[in-house]
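Residue numbers count from 1 along this sequence.
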Amino acid sequence: LTVVSLDSCVSVVGRNSFYECTRLSHVDLRSVVEIGDNAFEGTSIKVLSVPNAESIGESSFMGCRSLVRIHLSRKLRRIAAFAFSDDTALLSVHVPAGDVGASAFMGCTSLRQVVLSDSVHGLGEAAFLGCVSLDSVCFSSSVSEIAPMTFWGCASLESVVLPETVRSIGKEAFAGSGVKRIDIPRSVKEIGDGAFARCEHLKEVVLRNPDVLLGNAAFPKEARIRYM
C-alpha cells in the first residue's frame, strides 16, 4: 500500500487504521476532520495536508521519518500527545490554532522553525524536547505557561522572546538549550527548578518582576542576573 485517497464523505480516520503501513507515502486527507490515535504511525508519508482536521490523535504520525512538511488546519482544536514525535525529517511547523499536547514534537531532530499563532493556547510538557536543530520559535501571545521540559535539550535554540502573557516557566523548560540571553517579562510570577539548567552559553538573565519566585538552580551559576 503506497497511496491512500479517501472519499469526500470520509471525515474520520479511526485508530490504528494505517499503523505501520511502511510503504504508504501519499495520503489525501482533505475531507478528514478527526484522525485517531496511531492512525498513520510508522508510515512513509512525505507531505501532510489536513485543511479541515480539528483533532489529531495521540501518536497519529509518530515515527514518520520521511515526513518533511505539514500543513495544519485553522480549525484545529488539539494536537494530542506524541502526535508527531520522532519525525526526524520534519523541518518546520506552523500551528495555526488549538493546543499542543505533551511530547507532540519530541525528538524531531531536523526541526528548525516553530511558529505558534495567537490562537494556540497551550503547550504540553516536553512538547519540543530533544529538537536539537530548533533555532527559531515564534510564541503565541495567548500562551500563559511554558510547561516543564518544553524545550529541553534544544541545543541550537540561542534566542527566545517570551510574550507578556507568560505567567510561569516550568521545571527544566529550557534545560540544556543553547540560550545565550533571556529577558523574563514582568508577567512571569514563577520560574521552576532548573528551568535553564545546563544552559552552558547563558551569560545574562534579565528579570522584569522583582517578586518572581525562583526555583532551585533555575539558572546556571555562571549567568549574570539583573533585576529591572
Geometric class of the F139/F151 ring pair [parallel <30°, tilted 30-60°, perpendicular >60°]: perpendicular
Greater than 12 external heavy atoms within 6.0 Å of E20's CD: yes
Which atom of M149 lies closest to which atom of L129, heavy atoms considered: O-CB, 3.9 Å
Donor-acceptor pair, side chain of S142 and main chain of D118, under 3.5 angstrom: yes
Distance-minimising heavy-atom pair for A147 and A173: O-CB, 3.7 Å
Within 6.0 angstrom of R78 CZ, more than 12 heavy atoms from elsewhere: yes
I184/L162 under side chain to side chain contact (heavy atoms under 4.5 Å, CB included): CA gap, chis, key distance, verdict: CA-CA 7 Å; I184 309 290; L162 298 175; 4.2 Å; yes
Nearest heavy atoms of N52 and R30, plus distance in Å: ND2-O, 2.6 Å
For the student: nearest non-hydrogen atoms of S133 and T109, plus distance: OG-O, 2.6 Å
Side chain proximity check, R208 to V188, heavy atoms < 4.5 angstrom: no
Minimum-distance pair of heavy atoms, taken over all atoms of C131 and G107: SG-N, 4.4 Å
Heavy-atom side-chain proximity of T2 to H26 below 4.5 angstrom: no
Full working for salt bridge (charged side-chain N to carboxylate O under 4.0 Å, His left out) between E158 and K180: CA-CA 6 Å; E158 298 182 355; K180 294 181 177 181; 3.6 Å; yes
Side-chain donor-acceptor contact under 3.5 Å, R167 with S187: no
Distance-only side-chain donor-acceptor flag, H94 / S117, under 3.5 Å: yes
Within-4.5 Å side-chain heavy-atom neighbours: I70 and D87: no
